[in-house]
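What you see below is based on every heavy atom in this structure, not just the backbone, and it leaves out hydrogens, waters and symmetry mates.
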Amino acid sequence: HVDIFNAQGVVEIQTRQLYKLKAKLDVLLMEYPVTIVHPIPATKTLVWVDPVTYEATKERKSPKRGSIYDSVKELYGLKDRIGHPNLSVALIFYDMRETRWLNGWSPDRKKGSVRHDREPVAWIETIYLGSRQDYLQFLPVGLSEPFTVKDIVQKTPLNERNASLLVGLLKHLKLIEQVGKMGRSYLYQRTH
């Protein structure tokens, strides 16, 4: 089963756990172009609803903003398939409205609460990752070379673990290479 099959090929929509598509991709990529659509909330508006009275709080915007870096962990799970000529990824950024029940364990009943609904409100932007070169946009602007994983952490919202996954993905795609060591940190630069 696939989400969409048309004249352009196959479209699979996956919000998380992209690695679960591996077996399906191994079959589909032999015959069809496949686009994985990975939605990422750019902004989120929260509404809390009392489960007894059904009264809703005023909408509140979450301070968290989505970015391409939210996809690093997911893309790393597909690193062996990325670069296949029939595979592309579309990162869809959208505004989302999330409704949660006020039934949590904290005094304000928010921590530990249950999500009731999530709905897309508006499309913001689509970033297409088709060729291997498209993945170079994950390297932050102003990153000097050679660089370390810690340099990426300083210039992106990634923590050290996910910055290491990004380096692993870019190395696997042969977009960067290890060029030495500085103390206990490996040095990397773009391949030319």
Side-chain angles (χ1 to χ4, degrees), residues 9-44 62-94 96 123-192:
V10 174
V11 176
E12 281 291 326
I13 303 165
Q14 195 85 0
T15 57
R16 56 192 168 98
Q17 299 179 332
L18 299 186
Y19 71 91
K20 289 186 174 181
L21 293 173
K22 285 180 174 182
K24 189 186 278 191
L25 289 173
D26 289 342
V27 174
L28 292 172
L29 290 172
M30 289 189 288
E31 293 188 45
Y32 306 102
V34 177
T35 301
I36 298 172
V37 174
H38 181 50
I40 298 171
T43 63
K44 181 162 61 170
S62 169
K64 188 174 186 251
R65 297 286 180 260
S67 76
I68 63 170
Y69 299 107
D70 293 329
S71 67
V72 167
K73 187 176 175 184
E74 296 295 339
L75 293 171
Y76 184 82
L78 288 179
K79 74 178 194 301
D80 295 331
R81 309 310 185 277
I82 290 173
H84 190 286
N86 274 347
L87 180 64
S88 60
V89 177
L91 304 177
I92 307 288
F93 293 90
Y94 66 100
M96 178 181 70
W123 167 83
I124 302 299
E125 176 186 18
T126 301
I127 296 176
Y128 289 99
L129 304 168
S131 72
R132 288 182 324 114
Q133 296 295 86
D134 292 341
Y135 288 82
L136 282 172
Q137 64 191 300
F138 283 90
L139 289 176
V141 175
L143 182 68
S144 59
E145 294 189 37
F147 59 88
T148 65
V149 168
K150 286 189 176 168
D151 293 330
I152 291 176
V153 170
Q154 289 175 353
K155 294 196 172 282
T156 68
L158 293 171
N159 60 29
E160 195 161 337
R161 183 177 189 279
N162 288 336
S164 293
L165 293 180
L166 174 59
V167 165
L169 174 63
L170 297 177
K171 271 178 58 183
H172 182 78
L173 294 174
K174 297 183 175 31
L175 296 170
I176 63 172
E177 61 188 351
Q178 185 180 322
V179 292
K181 249 183 136 178
M182 184 175 64
R184 294 169 62 185
S185 299
Y186 291 109
L187 294 168
Y188 302 95
Q189 71 181 22
R190 295 173 197 237
T191 56
H192 299 289

Interatomic distance, L75 atom CG to I82 atom CD1 [nearest 0.5 angstrom]:
4.5 Å
Looking only at heavy atoms, which two atoms of F93 and G66 are closest? And how far apart?
CE2-C, 4.2 Å
Please examine the side chains of I176 and V167, heavy atoms only from C-beta on, and report whether any two atoms are closer than 4.5 Å.
yes
Please output the side-chain donor-acceptor pairs of residues 136-150 that fall under 3.5 Å, not counting sequence neighbours, one pair per line with the distance.
residue, atom, partner, partner atom, Å
Q137, NE2, D134, O, 2.8
E145, OE1, R190, N, 2.9
E145, OE2, R190, NE, 3.0
T148, OG1, K150, N, 3.3
T148, OG1, D151, N, 3.2
T148, OG1, D151, OD2, 3.3

Is it the case that atom CZ in R16 sees more than 12 heavy atoms from other parts of the structure closer than 6.0 Å?
no
For residues E177 and K171, determine if any side-chain heavy atom of one lies less than 4.5 Å from a side-chain heavy atom of the other.
no
Can you list the residues that meet the side chain to side chain donor-acceptor pair (under 3.5 Å) rule with K20, with sequence neighbours excluded?
Q17
Over all heavy atoms of both residues, which pair between L170 and Y135 is shortest? Give the atoms and the distance, please.
CD2-O, 3.6 Å
Please list every donor-acceptor pair under 3.5 Å in which a side-chain atom of residues 29-41 meets a protein atom from a residue at least two apart or in another chain.
residue, atom, partner, partner atom, Å
T35, OG1, S88, OG, 3.1
H38, ND1, Q14, O, 3.0
H38, ND1, T15, O, 3.4

Contacts satisfying salt bridge (charged side-chain N to carboxylate O under 4.0 Å, His left out) that involve residues 71-94 (not counting sequence neighbours) are D26-R81
Tell me, with the steps shown, if L25 and L78 meet side chain to side chain contact (heavy atoms under 4.5 Å, CB included).
CA-CA 10 Å; L25 289 173; L78 288 179; 3.9 Å; yes
Rounded to the nearest 0.5 Å, how far does OG1 of T43 lie from CE of M96?
8.5 Å
Grab the two heavy atoms, one from P157 and one from Y69, that are nearest each other, plus how far apart they are.
CD-CD1, 3.6 Å
Taking every non-hydrogen atom, the tightest pair across Y186 and Q178:
CD2-NE2, 2.9 Å
Spatial distance of atom CD1 (I68) from atom CG (L158) [nearest 0.5 Å]:
9.0 Å
From T191 OG1 over to L175 CG, what is the distance, rounded to the nearest 0.5 angstrom?
5.5 Å
Can you name the side-chain contact (heavy atoms from CB on, under 4.5 Å) partners of K64, sequence neighbours left out?
S62, D70
Of all residues at least two apart in sequence or in a different chain, which pass the salt bridge (Lys or Arg N to Asp or Glu O under 4.0 Å) check with K155?
none
